[in-house]
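Residue numbers count from 1 along this sequence.
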Amino acid sequence: MIGFLEQASKFILGSAGMLTFFSVNTAEKVVDGTLKLTAAQLEFLSVLFNKESEWGKKLYIASNAVQDSAAKTEEAMQEALENCKQAFGVAENSVQVYLDSLHTLLYDSKFLSSLVGSVHDNRYGISKIQLNFRDNGKDISPNEAYLGFENSDKSKSILYLPGLFCDETLWRDSVLKTDEGEIFQKGIADHFLEKNFYPLFIRYNPGLHISENGKSLLDRFDNFFMNDSKKEVHILAYSQGGLVLRSALYYARIQKKEWLQRLGKIIIVSCPNYGSYLEKFGYYAGMILEHSPFPVAKELGFIGNLRSDGIKDLSHGIIRTEDWNYGTQAERYLKAHYFGELDEFDAYQIYSFAFPEKSLSSELVGDGIIEGISLRKLDKVYQSKENPSLRTKVIYGYNHFSILSSPDMIPRLEEILLTS
């Protein structure tokens with residue numbers, strides 16, 4: 001019996017090893033392909049619209065960042081594969097060590113969660129990031145987030161929602177390394193902390209459907225606002241985070257949540273209200289390649305279309321579950337995009353155009369990631385509110401990546417948040 005169990009355990013462990021090796025090897029190809037495809041798209045845009053311009057440089061820097069992530073990921077996964085071979089050949093304890101290191105390398109990566117965190121029809125899943133409040137690089141419960149606010153000396157707070165490829169560090173002080181040296185950048189959250197606004201940070205898995213993250217945010221709000229307090233929470237959402245927020249407000253409005261009255265000013269920056277042409281370009285490029293008669297092109301097309309559900313939602317700017325369940329990719333462009341979720345709020349929007357002045361080219365290019373028609377999609381919603389001229393701020397000469405660090409950003413936020 002003992003001999004049988006020993007042989008059985010070796011067989012099970014060996015089979016698990018082969019399956020894990022195959023899974024990681026497949027994931028390596030998918031992740032490497034999607035990262036490199038995204039980097040190539042960003043580099044193409046930087047060259048197309050003058051790589052020497054401030055906007056082009058930012059796009060090029062973003063491209064290099066994704067390429068660097070691709071190289072590091074490929075190296076890490078190759079190392080993981082080697083560790084996999086050794087781990088399953090030694091003992092179960094080694095297997096756990098290997099899995100723990102793999103989890104750290106892959107499943108907590110904001111780049112990988114954005115690109116292949118959740119792939120359509122669950123063909124691959126390579127992220128374990130879930131929407132949660134964050135503090136000092138760790139997930140915390142809504143109650144812990146509330147107690148941090150309650151125990152602070154602040155009477156007001158700002159909840160920060162990041163965008164694709166981002167996490168809560170987007171809002172903090174940082175140091176940017178350039179060829180000219182290091183440049184200190186003041187973080188929006190740190191700036192407003194000095195203005196007595198307590199920061200509440202949210203991290204989510206950008207690879208999940210917008211509506212899935214919206215429902216998770218709704219759940220976290222339910223738990224956060226269970227605490228009996230009259231403290232007000234303002235919200236600042238960037239890019240994809242604006243869609244996640246609108247999705248949560250849409251479902252909260254349907255369910256008539258009482259805590260909606262405790263939300264203060266809502267500011268949404270660079271939101272792809274009608275989708276992003278970068279994702280549209282990626283979708284059609286992948287579709288053309290996948291239908292090519294050449295095997296290599298077919299494989300590239302297959303990999304290119306293994307983008308995450310979240311990125312696919314960005315092609316349309318959709319925020320409801322029924323919208324991504326509806327029809328074909330092309331048919332979804334015909335769906336409605338707004339459902340009154342901002343009507344009852346003191347809401348503001350800020351977005352940028354990459355070119356320094358208003359023009360047809362500026363409208364077409366938008367902020368380099370989102371076309372002008374998408375950025376302007378909800379202008380009428382904001383301008384139907386009191387003081388319409390104050391509801392929309394357009395910053396020219398800055399792209400999707402650089403708008404948060406533009407000289408006009410913090411003064412505009414102060415104008416909104418520091419006035420009654």
Side-chain angles (χ1 to χ4, degrees), residues 113 117-118 120 122 129-134 139 141-143 145-146 157-164 200-227 232-269 271-275 308-327 332 334-349 374 377-378 381-382 384-385:
S113 65
S118 172
H120 192 53
N122 294 314
I129 294 175
Q130 298 295 320
L131 189 146
N132 275 305
F133 284 91
R134 298 279 286 179
D139 288 352
S141 69
N143 191 56
Y146 171 80
S157 67
I158 302 174
L159 177 80
Y160 296 93
L161 276 166
L164 193 70
L200 295 165
F201 298 110
I202 290 285
R203 184 182 71 159
Y204 60 91
N205 186 338
L208 298 178
H209 280 296
I210 300 294
S211 59
E212 290 181 22
N213 279 314
K215 291 174 182 176
S216 293
L217 182 59
L218 174 71
D219 176 75
R220 301 303 183 275
F221 278 152
D222 280 344
N223 286 279
F224 181 88
F225 287 114
M226 283 177 60
N227 297 280
E232 197 173 47
V233 176
H234 305 293
I235 301 178
L236 177 56
Y238 167 65
S239 189
Q240 185 186 25
L243 295 177
V244 172
L245 173 62
R246 283 177 46 211
S247 180
L249 296 179
Y250 166 78
Y251 289 111
R253 189 183 187 203
I254 290 176
Q255 298 175 31
K256 298 180 180 180
K257 297 291 185 180
E258 293 184 0
W259 51 256
L260 287 171
Q261 300 176 5
R262 291 171 60 180
L263 297 182
K265 296 179 179 180
I266 290 176
I267 308 167
I268 297 180
V269 179
C271 186
N273 300 298
Y274 193 53
S308 68
D309 291 328
I311 287 185
K312 289 177 181 178
D313 284 354
L314 288 177
S315 177
H316 310 88
I318 55 180
I319 64 171
R320 306 184 306 173
T321 298
E322 54 265 41
D323 294 330
W324 54 262
N325 276 331
Y326 173 84
R332 293 184 198 119
L334 304 176
K335 295 288 290 182
H337 291 74
Y338 182 71
F339 310 95
E341 60 271 9
L342 296 175
D343 287 356
E344 300 170 11
F345 291 101
D346 188 9
Y348 303 79
Q349 64 173 343
S374 181
K377 183 69 175 178
L378 300 187
V381 172
Y382 291 92
S384 66
K385 298 178 182 295

Does the structure place the NZ or CZ of Lys215 under 6.0 Å from the centre of the six-membered ring of Tyr251, at an angle of no more than 45° from the ring's axis? yes

List for me each residue that meets ring pair (Phe, Tyr, Trp, His ring centres under 6.0 Å) alongside Phe345, sequence neighbours excluded, and say none if there are none. none

Taking the side chain as C-beta and beyond, is there a heavy-atom pair between Lys257 and Asp222 under 4.5 Å? yes

Within the supplied structure, the quantity of interest is the number of heavy atoms (other residues, nucleotides, ligands) at a distance under 6.0 Å from Gln261 CD; does it exceed 12? no

Geometric cation-pi criterion, Arg320 with Phe339: 6.0 Å, 45°: yes

With a 4.5 Å heavy-atom cut-off, do Pro272 and Leu243 have their side chains touching? yes

Any salt bridge linking Glu341 with Arg246? Criterion: basic side-chain nitrogen under 4.0 Å from a carboxylate oxygen. yes

Side-chain heavy atoms of Asp323 within contact of His316, under 4.5 Å: no

Those residues at least two apart in sequence (or on a different chain) that pass side chain to side chain contact (heavy atoms under 4.5 Å, CB included) with Asp219 are Asn223

Are any non-hydrogen side-chain atoms of Lys377 and Tyr338 less than 4.5 angstrom apart? no

Sorted by chain and number, sequence neighbours left out, side chain to side chain contact (heavy atoms under 4.5 Å, CB included) with Ala145 holds for Phe133, Ile140, Leu200, Phe224

Side chain to side chain, Leu245 and Leu159, heavy atoms closer than 4.5 Å: no

For Ile210 and Ser247 the tightest heavy-atom approach is O-OG, 3.9 Å

Salt-bridge present (Arg203, Asp139; N to O < 4.0 Å): yes

With a 4.5 Å heavy-atom cut-off, do Leu263 and Leu249 have their side chains touching? yes

Side chains of Gln240 and Leu314 in contact at under 4.5 Å (non-hydrogen atoms): yes

